[in-house]
Amino acid sequence: MTGTDRPWLDPALGTEERVEALLAVMTLEEKVGQTHQVANITPDDEDAIRSGAVSSSLYASGATAGNERDEGMLVANIDAAQRLAVEESRLGIPLLFGRDVIHGHRTVFPIPLGMAAAFDEELAEECARVAAAEATLEGVAWTFAPMMDVSEEPRWGRVAESLGEQPVLAGRLAAGMVRGFQGEDLTDRRRLASCAKHYVGYGLSTGGRDYNTVSVGENTLRNLHLRPFRDAVRAGVTTVMAAFNDVDGTPMHAHRRLLREVLKDEWGFDGVVVADWGGVGQLVRQGVAGDLRDAARLAIEAGVDLDMCSDAYTAHLADLVHSGEVEESLLDEAVRRVLRLKVRLGLFEHPYAGDLEGSPAPTDATRALARRAAQAAHVLVKNDGVLPLDPSGEGRVLLSGGFVDEGDALLGTWVLDGRGEEVVSPADALRARFGEASGTPFGERLDVLDGRFPDQVLELARRATTAVLLLGEHRGRSGEDRCVTDIGLPPGQLDVLRHVVALGTPVVAVVYTGRPLDLTEVLDLAAAVVVVWHPGVEAGSALADVLVGDVEPHGRLPMTFPLSVGHLPTSTHQRPTGRPIPVERDRFEGRYVDALTHSRLPFGYGLSYTTVEYGEPTVEPATTPVDGGRATVRVTVSNTGSRPCRELVQVYAHDPVADVTRPEVELVAWRSVELAPGESREVEVEVSAVDFAYTGRDLTERVDSGEIVLLTGPDSATLRRTTLTLA
């Protein structure tokens, strides 16, 4: 075809005109090709690319998989494959290259659960923008993030990728990440298409086991699990990934009700629904498809537009259309969505990444952002006065544990392009900080010893004034397919902690983790406990900043920490029962005969190096219209200590009389405020009637007239109440 015969290449035309012009000249086989995604492109795929039988590549690492760490190798592989599609295929449709850019590309930020601890959607947006700018330099056009599975199950390894247990927190952070990845104009070559995953209910996997079944009704889905996805769709997310799980017996890759009727029709989502890896083919093992051909039919009917790596569509869709078992209009709709995304990304105008200038390596500016994000991921959950450390004071400090010299282990799960050698280790950062204070290169008061030598650790701990023990999980213990039955510390770590404490040495326990852990004994033994998650490339710098008080700790827990694994699931999702247990009566009326019922550390919990007091909240006006009304919650917050702080004022709600049972407390808003020592401020947080919307028994959204209980405080368990009337 000549240039004039290819109107889809004319950027002056509208997106839909270009898509329809291209669709009109495509053969059935070329249409099927646009629904087919492969993993690494190899020489075996070259003829398929030339024939238009490949739409997308997942890993984007080409025929030299494993060598993409060499500078420029990734983009060279991508551009070589792209040339086959653009210059040697009949229609010149570019390939779409995706990659798991989950919490950073080369500049690795804290894991998403650590990012959630910041309660800061603008920070999430900024980090996503940097990740996009780096990844696009290497030819990546699409990332499989954000993940917004709402979960109350820390045995499930994928909570590390989540944005917390509260729908409003996950939804706002996800929307921020979508804006950061995509920007206002997707044709901006330094932006990525984003993907909301995993749609939907994956966080409810039975027993916290990955890929497992889910038993849940649509009402609970709508009131909890679908809400963050709706926020992402409203923010303009361009792709949504179907989840591996079934929902009440129907696998999500075959779930017409939730994919086609709710996501596409009800919400008006016009982007691409992509399968998860092999998800279409797995319909056979899930017992709803007799073979791969049957699986392809079920998935395209349900609304899955792009088949990730199962080969079901490329093998069977054309024949299913020829036989009349699948209407060609269904295939056309899927192809429209894929082509629409490619046009929106500007791939027809700029298919190659090699002409972009710059390096994806961390810079001073991206490291500064990563350091700020890592600082916000530090959650101080106990402090008996041992923190902050004074690097210029008296006595000796011991730094020990399995992570003292680590880089790679602190990057966190799902990092393909971050490099362990680019991570600032805790030992290097604290040596530098203590050295600055003492005027010597390594500091006169700091001893550093790898935790693999417990006898030597105890010897140094006996002489130390304070011991800082780096505990927790290696990054390989969390993430996909990293589920556990025991959410305690890995074997041996408690033994070291017990022995050091037995010496009489105060211990600061720093816990690196990808999930909430059972920290009961750690909290009982240690003088101070800091939960850090997996913090990324500036791990050591941020730790030093917080431990010595250069930065006040201001992270808050985005998930509930249970008393034990036997208490799971434990979260703020609890709805009232017919026989509620008041917190003050838990010790006497608990539902367990061998333990209390409450959580160990509640959602939203976190301390600073000062003390903060809350006054009684008020709301004005006390009555507001049920349709579009707004009100302002006011509460006086006072810093009663001698250090400044950044306090996260949290507002929760409870609807005491509704069409269905509503959560005891549900986060609706928050505001971060800076307080000088001794300062009191009246903090205002605006709420609106729509914040109290929920799905009723008829599965429609509603806002009821009547009383709403509003609660404010520093966390979900320490709250004072006022009431708002919707009329």
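What you see is a predicted model; the values in this text were computed from it and never measured.
- With sequence neighbours excluded, the residues that form a side chain to side chain contact (heavy atoms under 4.5 Å, CB included) with A275 are H253, V280, V304, M308.
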Next item on the list: Please step through side chain to side chain contact (heavy atoms under 4.5 Å, CB included) for the pair R475 and L410, ending with a clear verdict.
Entry: CA-CA 6 Å; R475 75 183 184 106; L410 300 180; over 6 Å; no
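- Here the CG atom belonging to L96 is positioned 7.5 Å from the CD atom belonging to Q37, to the nearest 0.5 angstrom.
- Using a 3.5 Å distance cut-off with no hydrogens or angles, the side chains of D704 and Y694 do pair a donor with an acceptor.
- Not counting sequence neighbours, S215 has no partner by the side chain to side chain donor-acceptor pair (under 3.5 Å) test.
- Residues satisfying the side chain to side chain contact (heavy atoms under 4.5 Å, CB included) test with Q574, not counting sequence neighbours, are T577, E664.
- Scored by the side chain to side chain donor-acceptor pair (under 3.5 Å) test, E666 finds R227, R662 as partners (sequence neighbours excluded).
- In this structure, R556 is not positioned above the aromatic face of W670 in the sense of NZ or CZ being under 6.0 Å from the six-membered ring centre and within 45° of the axis.
- For residues 108-123, the salt bridge (charged side-chain N to carboxylate O under 4.0 Å, His left out) pairs, not counting sequence neighbours, are E121-R179.
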Notebook entry, point to check: Going through the distances and angles, do M177 and M115 end up as a side chain to side chain contact (heavy atoms under 4.5 Å, CB included)?
Noted result: CA-CA 11 Å; M177 291 178 68; M115 288 292 299; over 6 Å; no
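- Judged as a salt bridge (charged side-chain N to carboxylate O under 4.0 Å, His left out), the pairs with a partner in residues 142-160 (not counting sequence neighbours) are, in order, E153-R155, R158-E161, R158-E480.
- Defined by atom type and a distance below 3.5 Å, a donor-acceptor pair is present between the side-chain atoms of E134 and T107.
- Classification of the Y202-H198 ring pair by plane angle, with boundaries at 30° and 60°, yields perpendicular.
- Around CG of D627, the count of heavy atoms belonging to other residues, nucleotides or ligands within 6.0 Å does not exceed 12.
- Side-chain contact between Y652 and Q650 is present, with heavy atoms from C-beta onward closer than 4.5 Å.
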